[in-house]
Amino acid sequence: MSKQFYITTAIDYLNGPPHLGHAYEKVITDVIARARRSLGREVFFLTGTDEHGQKVQQAAQAEGTRPQVYADRLAAQYQALAAKLHLSNNDFVRTTQPRHQAVVQAMLRKLHDRGDIYKAPYQGFYSTKEETFLTGKDRRPDGTWDPFWGEVAEVVEENWFFRMSRYQQWLTDYIQADPSFVQPDYRRNEVLGFLRAEKLEDLCISRPVGRLNWGIPIPFDPGYVNYVWFDALTNYYSVPAALGDPAAVQPLAGYLPPPASGPAAPELWPADIHVIGKDILKFHAVYWPIMLQATGAPLPKQVLVHGWWQKDGQKMSKSTGNVVDPLAVIDEWGVDAFRFYVLRELDIGPDGNWTDAGFQARYSAELANGLGNLVNRSLAMLKRYRGGVVPARHDELAPDAGKVVAEVQALLEKNHLQAALVGVWSLVTRANQYVDHTAPFKLAKDPAQAKRLDEVLYNLAETCRVLAVLLWPFLPNTAARIFAQLGLSGAPDQFSAAAWGGLPAGHALGEPAPLFPRKDPPAAAKP
RNA sequence: GCCAGAGUAGCUCAGGGGUAGAGCAGAGGACUCAUAAGCCUUUGGUCGGGGGUUCAAAUCCCUCCUCUGGCACCA
């Protein structure tokens with residue numbers, strides 16, 4: 001067994017139902033996972049939910065229920081989203097799972113023994129009403145507190161701290177030495193920028209149980225629960241460790257019970273890519289590598305940072321109502337149309353802007369009229385003129401297809417998903433041009449042109465097959481439907497099958513049907 | 001405020017000393033296999049303002065304007 005390609009999404013905090021941002025991050029991660037599998041790697045794709053903390057505790061309280069009951073209900077929504085997006089995740093981690101908590105506690109004990117965790121007084125301004133410490137940012141310019149916070153008192157309480165500050169220089173050197181550790185480059189520059197400008201402080205990692213009890217207990221101090229960092233970030237590591245991955249288990253030797261001997265443990269750690277949103281960059285590019293370094297565990301190879309979506313040029317917010325509900329879009333347009341729009345519209349990195357008009361334009365122009373119509377016209381002609389039986393191989397479009405296949409492979413290996421889609425569509429366009437230039441519908445009227453018609457029809461059908469293979473990581477449903485319409489069994493899930501000439505002569509097609517039905521706009525009301 | 005980055009066709013953006021580019025949108029045309037889709041042709045820009053360097057600037061320099069991102073817990 002060899003090291004798998006291990007990729008993760010951020011885990012979602014259960015403070016509300018899933019929205020576009022959650023769905024987007026999962027789609028790009030899924031495409032990378034599927035692409036690597038298609039290119040021959042064994043892949044482990046992890047997503048999950050972050051279930052502890054004050055907001056969950058309070059939300060449960062407000063409903064008069066226990067936090068675990070509340071968390072179960074919300075987590076089910078996120079699992080349903082994963083299914084609805086057709087994610088190919090191999091596991092779904094929940095931070096309330098015992099397998100996760102055991103690893104978190106093991107890591108804390110090791111760091112405590114090593115002296116990287118210490119207890120100290122924490123001084124701050126505490127709002128009893130909101131049950132939270134306030135920071136300087138919450139203070140108004142004149143130094144007073146907004147009445148929203150109620151009575152604010154200066155409080156000193158003991159807490160546990162992680163000795164992060166001593167790793168600042170090491171981390172700076174590390175990131176400087178490895179340009180691919182944080183991507184895109186401008187995010188890496190941001191990290192280096194504040195590592196240069198600000199002094200890292202030690203991290204407060206606990207809360208007294210009197211204030212917060214919905215958390216993983218600090219194993220060496222029953223008066224405290226763990227606060228966020230060692231709980232949430234550690235999910236990436238706890239799942240491999242719980243599965244018995246030697247690279248994850250070994251650094252915690254003596255702190256974790258030895259894994260039950262069972263089926264061969266997967267080799268996952270270190271993660272190849274953590275896909276995250278720009279809002280949690282610092283935690284993943286600063287806190288997390290330091291936590292791992294202190295633990296003596298290898299660091300993930302890359303933190304890949306995506307941007308946020310706006311709607312119609314404005315920040316999405318529940319109060320203004322300009323939100324995009326991914327589930328509603330999928331119900332109306334299909335999951336592949338949703339995946340296509342977010343992948344084609346926005347490159348990984350910058351912020352994007354969702355517009356319904358833009359969505360419909362891409363659906364209509366690129367999916368229905370471009371890809372869908374190409375497959376439909378190609379297969380319909382093969383059915384009509386040749387009874388749906390594939391003619392002898394002919395290679396007229398092979399060079400064009402081969403060029404696109406090579407280009408898309410190179411782009412997939414660099415996770416340039418948007419550019420890869422542009423590349424795939426260049427083959428769609430090429431094939432549509434080919435139909436017009438060769439005019440098989442005219443050839444069909446002249447019996448003397450029968451051989452030429454065979455050649456053209458083969459090139460078109462084979463191009464459709466190649467397209468299915470190329471599209472698999474992005475639009476798995478559509479790729480599978482193209483295969484089915486070509487009468488091919490199995491899934492187009494191996495990139496090597498994109499090599500020209502896979503359709504055998506004499507093979508019988510399935511039944512052609514539009515892949516993306518035209519959506520006529522509702523009858524425009526004329527004034 | 002500080003640190004990055006960006007202003008190029010109606011829209012989204014590429015180009016980075018030598019005759020302004022692509023996709024979409026718009027206009028026109030020939031066709032008819034197909035989801036009235038597709039294909040071909042085409043209109044359109046003093047490259048944010050001003051100054052400078054140069055034989056030559058969208059490109060390099062200065063300056064101003066505007067916008068965006070980041071500056072420690074919202075995907």
Side-chain angles (χ1 to χ4, degrees), chain A residues 9-13 15-16 18-29 50 53 55 132 135-137 164 185-187 189-201 203-204 227-229 232-233 275-283 285-287 305-309 315-318 326 345-347 349-353 355 357-358 361-362 364-385 422 425-426 428-429 431-445 453 456-457 460 512-520:
Chain A
T9 69
I11 52 174
D12 298 318
Y13 194 58
N15 57 358
H19 54 65
L20 177 59
H22 296 114
Y24 173 63
E25 178 173 304
K26 284 168 185 61
V27 168
I28 59 182
T29 309
D50 179 11
K55 284 180 181 168
T132 184
T135 68
K137 282 194 310 183
M164 195 164 67
D185 281 331
Y186 52 87
R187 297 296 175 202
N189 290 340
E190 282 172 23
V191 175
L192 287 170
F194 70 69
L195 280 175
R196 204 181 309 119
E198 316 220 3
K199 186 179 180 316
L200 273 190
E201 293 184 9
L203 201 58
C204 181
Y227 173 70
V228 67
W229 313 117
L233 290 165
V275 178
I276 62 162
K278 63 183 186 179
D279 51 301
I280 51 177
L281 171 60
K282 259 135 266 154
F283 318 136
V286 179
Y287 299 5
V305 188
H306 65 76
W308 284 6
W309 283 92
K315 188 181 164 91
M316 280 190 229
S317 90
K318 277 166 243 160
E345 181 70 22
L346 180 57
D347 198 13
D351 286 352
N353 186 30
T355 63
R362 288 204 185 281
S364 174
E366 293 165 62
L367 292 177
N369 300 346
L371 173 67
N373 191 48
L374 170 68
V375 172
N376 196 230
R377 70 199 300 209
S378 299
L379 301 193
M381 284 191 282
L382 182 49
K383 185 183 178 194
R384 178 193 292 204
Y385 304 141
V422 171
W425 252 259
S426 72
V428 171
T429 298
N432 269 323
Q433 291 169 336
Y434 181 76
V435 174
D436 279 74
H437 293 166
T438 58
F441 40 88
K442 284 181 184 163
L443 298 174
K445 291 173 183 159
L453 179 58
V456 170
L457 293 176
L460 288 172
L515 294 168
F516 297 96
R518 177 169 234 288
K519 295 247 190 187
D520 289 312

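Treat the numbers as computed from the prediction; the structure is a model and nothing was measured. In the text below, chain A, chain B and the rest are named by the order of the sequence lines, each starting its count at 1.
- Side-chain nitrogen and oxygen atoms of A:Lys282 include at least one within less than 4.0 Å of the OP1 or OP2 phosphate oxygen of B:rC71.
- The side chain of A:Gln433 places no N or O atom within less than 4.0 Å of a non-bridging phosphate oxygen (OP1 or OP2) of B:rG38.
- Residue ring and base: A:Phe194 does not count as stacked with B:rG70 (centre distance below 5.5 Å and interplanar angle below 30° not both satisfied).
- In this entry B:rA37 has no Watson-Crick or G-U wobble partner, no candidate having both defining distances under 3.5 Å.
- Residue A:Gly277 is in sugar-phosphate contact alone, with no base atom involved, counting any heavy-atom pair closer than 4.0 Å across all strands shown.
- A:Glu345 comes within 4.0 angstrom of no nucleic acid atom, judged by non-hydrogen atoms across all strands.
- The backbone N or O of A:Leu20 lies less than 3.5 Å from no partner atom in the side chain of A:Trp309, so there is not a single donor-acceptor pair.
- The partner of B:rA22 is B:rU12, by the rule that a Watson-Crick or G-U pair needs both atom distances under 3.5 Å.
- For a distance-only test at 3.5 Å, the side chain of A:Asn369 fails to qualify as a donor-acceptor partner of the base of B:rA37.
- Between A:Tyr227 and A:Trp229, the ring planes are perpendicular. Angles over 60° get that label, and only those under 30° would be called parallel.
- Below the 3.5 angstrom threshold, one finds a donor paired with an acceptor across the side chain of A:Tyr287 and the base of B:rA72.
- The main-chain N or O of A:Trp308 is found under 3.5 Å from a side-chain atom of A:Asp351 such that the two form a donor-acceptor pair.
- Base contact: A:Leu200 has a heavy atom under 4.0 Å from a base atom.
- Nucleotide B:rA4 has B:rU68 as its partner under the Watson-Crick or G-U criteria, with both atom distances under 3.5 Å.
- The side chain of A:Lys278 places no N or O atom within less than 4.0 Å of a non-bridging phosphate oxygen (OP1 or OP2) of B:rA75.
- The distance from atom CG of A:Asp12 to atom NE2 of A:His22, rounded to the nearest 0.5 Å, is 4.0 Å.
- Comparing the same atom, P, in B:rG5 and in B:rA9 gives a spacing of 22 Å after rounding to whole Å.
- The pair A:Arg377-A:Asp436 meets the salt-bridge criterion, with a side-chain N (NZ, NE, NH1 or NH2) lying under 4.0 Å from an Asp/Glu carboxylate O.
- For the P atoms, the distance linking B:rA20 with B:rA58 amounts to 8 Å, nearest Å.
- A:Arg384 comes within 4.0 angstrom of sugar-phosphate atoms only, judged by non-hydrogen atoms across all strands, and of no base.
- The base of B:rC73 does not come close enough to the side chain of A:Tyr13 for any donor and acceptor atom to sit less than 3.5 Å apart.
- Along RNA chain B, the nucleotide closest to A:Pro514 and the one closest to A:Arg196 are compared, and the more 5′ of them pairs with A:Arg196.
- Using P as the reference atom, B:rG7 and B:rU59 are 11 Å apart when rounded to the nearest Å.
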